[in-house]
Trainee: 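Questions regarding the structure given below will be posed in turn.
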There are 4 protein chains.
Amino acid sequence: MKQDQVLATVKNKQLVEKRRNQMIKGAITLFKEKGFHRTTTREIAKESGFSIGTLYEYIRTKEDVLFLVCDSIHGQVRERLESAMSIENPSVSYLISVIKSYFKLMDDMQEEIVIMYQEAKSLKKDSREYVLKKEREMVNMLEHVIITCIPEKVTKKDAELLANNIFIQGQMWGFRRWALQKQFTLDEYIERQTKFILQALAIEDSASNEAY
Amino acid sequence: MKQDQVLATVKNKQLVEKRRNQMIKGAITLFKEKGFHRTTTREIAKESGFSIGTLYEYIRTKEDVLFLVCDSIHGQVRERLESAMSIENPSVSYLISVIKSYFKLMDDMQEEIVIMYQEAKSLKKDSREYVLKKEREMVNMLEHVIITCIPEKVTKKDAELLANNIFIQGQMWGFRRWALQKQFTLDEYIERQTKFILQALAIEDSASNEAY
Amino acid sequence: MKQDQVLATVKNKQLVEKRRNQMIKGAITLFKEKGFHRTTTREIAKESGFSIGTLYEYIRTKEDVLFLVCDSIHGQVRERLESAMSIENPSVSYLISVIKSYFKLMDDMQEEIVIMYQEAKSLKKDSREYVLKKEREMVNMLEHVIITCIPEKVTKKDAELLANNIFIQGQMWGFRRWALQKQFTLDEYIERQTKFILQALAIEDSASNEAY
Amino acid sequence: MKQDQVLATVKNKQLVEKRRNQMIKGAITLFKEKGFHRTTTREIAKESGFSIGTLYEYIRTKEDVLFLVCDSIHGQVRERLESAMSIENPSVSYLISVIKSYFKLMDDMQEEIVIMYQEAKSLKKDSREYVLKKEREMVNMLEHVIITCIPEKVTKKDAELLANNIFIQGQMWGFRRWALQKQFTLDEYIERQTKFILQALAIEDSASNEAY
DNA sequence: TATGAATGAGAATTCATTCAT
DNA sequence: GATGAATGAATTCTCATTCAT
């Protein structure tokens with residue numbers, strides 16, 4: 001984990017991890033409410049259950065908190081995505097199930113995703129690139145599934161674009177919830193988006209139906 | 001235009017419009033560089049070519065600048081989208097041309113779109129809702145084109161989802177440029193996304209090819 | 001009148017007087033509401049019925065407005081006090097009637113008096129001294145009445161102190177209205193204060209009763 | 001003490017009290033010179049011996065400083081008045097001594113009294129009412145002494161008015177010092193005012209003389 | 001004379017960060 | 001390791017005053 005990019009004064013590794021988790025939890029709660037810029041370090045410290053002095057024993061700057069938050073969110077997303085992908089053999093229905101898992105995951109983590117979207121630009125170059133790299137890895141995971149599941153249906157570039165499309169359609173669910181969640185239930189949304197994807201690839205509906 | 005939601009001390013309407021345009025231009029330049037929060041009102045005034053005092057003759061609060069910027073961007077997008085849509089009879093190739101225009105538009109306005117995405121949440125409730133309403137209208141325009149061009153191919157809900165997909169795919173081009181613009185030229189991106197869309201609707205490729 | 005201490009750009013004397021009267025009227029209205037410091041020159045101009053530019057054709061600084069206001073209030077008080085004093089022969093009942101007139105006057109001008117009390121210290125040295133001199137003149141008028149009406153009852157110093165007492169008892173009526181005006185009607189207040197004054201001078205009550 | 005109406009960020013109660021006392025001292029010095037509105041928070045901080053940041057750890061707004069100052073002055077006045085009143089049996093000479101103490105007190109605190117008079121109106125409703133209530137209590141203390149010392153000489157209403165008169169005659173000494181302190185020494189002022197009061201109540205001079 | 005747009009010094013307040021205890 | 005008081009640069013916003021038209 002590249003959490004170590006963020007320097008702590010405290011040496012005890014376990015303690016650092018424990019405190020940072022408190023911090024991330026507290027910060028996410030606050031960032032959801034008021035965003036990064038409108039949240040003060042004092043508030044983060046308080047919400048995390050320790051003093052402002054202690055907060056600064058575990059980070060160097062306020063931006064570090066944002067980085068830890070982004071990193072943590074990515075970690076969670078990745079972990080869950082990996083666990084959804086680890087087992088099965090490549091097949092259309094496996095692809096469908098991965099898409100479904102990903103969309104459900106995005107539903108669970110709506111607010112975290114919104115935070116990342118809106119605040120990541122406040123990271124400074126290095127951290128931002130690190131976060132983007134992580135994101136790219138996730139898109140690559142989707143791309144990989146597409147390629148392995150339906151190799152004869154897509155070119156590399158198709159898969160790439162498709163992976164990006166799926167990726168942001170998942171984010172869109174949370175990001176544009178005020179528009180989408182009025183019109184669709186999550187299952188409906190998943191079903192329809194999946195149908196579009198499969199049809200775009202000229203994959204028979206039957207496969208889709210089976211998967212459900 | 002609901003620019004009048006923002007109160008000015010200065011009475012001369014023409015002057016207000018002129019100065020606000022200077023202001024919007026200056027602010028966009030700065031917001032592109034450093035975002036809304038990191039830009040100071042003094043910088044905005046300077047970049048706009050007048051003093052801080054003058055700035056505040058034309059707005060009430062810093063947030064007003066953001067609102068004016070968002071409103072202006074929406075206005076531009078809408079105007080160009082309308083001019084791309086006004087003329088022709090509904091047809092598949094017309095649909096294709098609208099999609100193309102929209103994507104090109106999003107390419108032109110990449111940075112403005114990014115600003116809106118990342119900063120609109122800093123608007124307070126009223127303004128935010130106003131901006132969202134404008135956005136919804138634009139999605140509706142796309143939806144309307146879809147429905148009128150290929151009525152027999154889509155249900156209302158299909159059209160709705162599709163319009164949202166197209167909408168964010170356009171934004172994605174700017175938003176995820178670091179990923180996409182390495183892999184695709186704009187034309188390639190348009191062509192491939194269009195292909196996916198048409199195939200998803202089981203519309204013959206020929207139509208697509210014709211349009212190009 | 002020493003209004004000429006305040007310089008105007010405009011030369012036409014009549015116009016200057018007219019505009020200044022508008023100005024004083026407007027300013028008093030506003031000062032009553034929010035005090036001198038919380039009132040802006042723009043508000044004064046607006047309330048007076050002309051533009052900020054015009055305002056500054058008739059004064060040099062904001063403080064000038066305050067001076068004009070204080071001067072005007074004093075002028076009014078003095079004028080009314082003089083008219084209450086001009087006619088009669090000295091006598092106890094004349095003294096009583098002057099006291100009564102003065103208290104009634106203070107009742108009429110409560111708010112103006114409060115303004116003067118609270119804001120005069122914002123005048124700069126010169127103006128403040130001028131205003132204080134005017135005030136002293138008014139106390140002198142009361143003192144003069146006392147001395148001429150009851151020469152055998154008071155020494156010079158007694159009269160002086162008494163005049164001051166009466167002067168501030170009149171102001172107190174407006175100044176401490178939240179306390180006094182709950183407990184006393186104006187007439188009652190006048191009657192009781194008069195009684196105290198006369199008794200302090202060992203003047204028979206009969207005189208007081210006659211006067212009423 | 002209702003100093004707690006003013007919120008501090010700092011938790012240590014003793015420190016809060018210490019710093020606020022520094023602050024009140026500094027503020028009074030400055031308010032005497034230039035009044036509340038012309039004094040900046042930075043000046044207050046500097047005069048108090050700490051930084052502007054520290055100042056704001058102990059208050060929320062500039063107005064809080066004014067409230068603290070008024071509250072403190074009232075506290076001092078009350079304390080001294082109470083200590084002047086606590087001991088003796090009711091009697092005319094006791095009344096005389098209380099009046100004397102009060103006038104001496106007003107002499108000592110002239111400038112503070114002037115501050116309160118001129119600036120209290122800048123407090124917002126809640127605080128202003130709180131301050132007025134305190135003032136009323138002080139008048140009540142005087143009234144109580146009057147009633148207990150010379151019950152057969154005054155009605156309730158007489159006592160009430162008298163207490164108000166004494167109260168403002170004390171304030172007048174500082175408030176109109178430019179007029180009074182040229183003509184009278186403090187002792188002379190006290191003696192003469194006392195004489196007027198007693199005569200107004202038809203109390204023999206002998207009592208007055210005894211008391212001196 | 002009248003107007004009102006422009007100016008910028010100045011004010012209150014915030015908040016990330018440090019450091020002595 | 002933990003605390004929280006202290007700091008002051010930075011920020012938003014105001015408003016008296018000027019001056020070209």
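Just so it is clear: chains get the letters A, B, ... in the order the sequence lines come, proteins before strands, and each one is counted from 1.
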Trainee: Out of Ile59(C), Val6(C), Asp126(C), which one pairs with Phe67(C) under the side-chain contact (heavy atoms from CB on, under 4.5 Å) rule?
Mentor: Val6(C)

Trainee: Could you tell me the boundaries of the chain C footprint on DNA chain E, defined by atoms under 4.0 Å from its heavy atoms?
Mentor: dT1(E) to dA5(E)

Trainee: Take Leu15(B) and Lys62(D), find for each the nucleotide of DNA chain E with the closest heavy atom, and name the residue whose nucleotide sits nearer the 5' end.
Mentor: Leu15(B)

Trainee: Start at the 5' end of DNA chain F and walk down; is the nucleotide closest to Asn12(D) or to Glu63(B) reached first?
Mentor: Asn12(D)

Trainee: Per the side-chain contact (heavy atoms from CB on, under 4.5 Å) rule, which among Thr9(B), Val65(B), Asp64(B), Leu15(B) passes with Tyr58(B)?
Mentor: Leu15(B)

Trainee: Can you check whether Tyr56(A) reaches Thr61(A) side chain to side chain, under 4.5 Å on heavy atoms?
Mentor: no

Trainee: Heavy atoms only, 4.0 Å cut-off, all strands: where does Arg38(D) land among base, sugar-phosphate and nothing?
Mentor: nothing

Trainee: Under 4.0 Å, heavy atom to any atom of DNA chain E: which of residues 49-59 of chain C qualify?
Mentor: Phe50(C), Ser51(C), Ile52(C), Gly53(C), Thr54(C), Tyr58(C)

Trainee: Give the rounded distance in Å between these two atoms: CZ of Arg42(D) and C1' of dG8(F).
Mentor: 7 Å

Trainee: With a 4.0 Å cut-off on N to O distance, would you call Lys133(A) and Glu129(A) a salt bridge?
Mentor: no

Trainee: Please, which pairs that meet salt bridge (charged side-chain N to carboxylate O under 4.0 Å, His left out) have at least one residue in residues 45-61 of chain C, sequence neighbours excluded?
Mentor: none

Trainee: Of all residues at least two apart in sequence or in a different chain, which pass the side chain to side chain contact (heavy atoms under 4.5 Å, CB included) check with Glu111(D)?
Mentor: Lys32(D), Arg177(D)

Trainee: So what does Thr9(A) touch, heavy atoms closer than 4.0 Å: a base, only the sugar-phosphate, or nothing?
Mentor: nothing

Trainee: Starting from the 5' end of DNA chain E, give me the residue, Arg60(A) or Val10(C), whose nearest nucleotide shows up first.
Mentor: Val10(C)

Trainee: Which part of the nucleic acid, if any, lies within reach of Lys18(D) when heavy atoms closer than 4.0 Å are counted: base, sugar-phosphate only, or nothing?
Mentor: nothing

Trainee: Tell me what Lys11(C) touches on the nucleic acid: a base, only sugar-phosphate, or nothing, going by heavy atoms under 4.0 Å.
Mentor: sugar-phosphate

Trainee: I'd like a table of donor-acceptor pairs (distance under 3.5 Å, sequence neighbours excluded) in which one partner is a side-chain atom from residues 117-124 of chain D, with atom names and distances.
Mentor:
from	atom 1	to	atom 2	distance (Å)
Tyr117(D)	OH	Gln171(D)	OE1	2.4
Glu119(D)	OE2	Phe36(D)	N	3.0
Lys121(D)	NZ	Gln118(D)	O	3.3

Trainee: Name the stems that DNA chain E belongs to, where each is three or more consecutive Watson-Crick or G-U pairs with both distances under 3.5 Å?
Mentor: E:2-21 with F:2-21

Trainee: Is the shortest side-chain N/O distance from Thr41(B) to OP1 or OP2 of dT12(F) below 4.0 Å?
Mentor: yes

Trainee: Between Arg38(D) and Glu33(D), does any NZ, NE, NH1 or NH2 come within less than 4.0 Å of an OD or OE carboxylate oxygen?
Mentor: no

Trainee: In whole Å, what is the span from the CG atom of Asp64(B) to the C1' atom of dT12(F)?
Mentor: 13 Å

Trainee: For Phe36(C) and for Thr40(B), locate the closest nucleotide of DNA chain F by heavy-atom distance; then report the residue assigned to the nucleotide nearer the 5' terminus.
Mentor: Thr40(B)

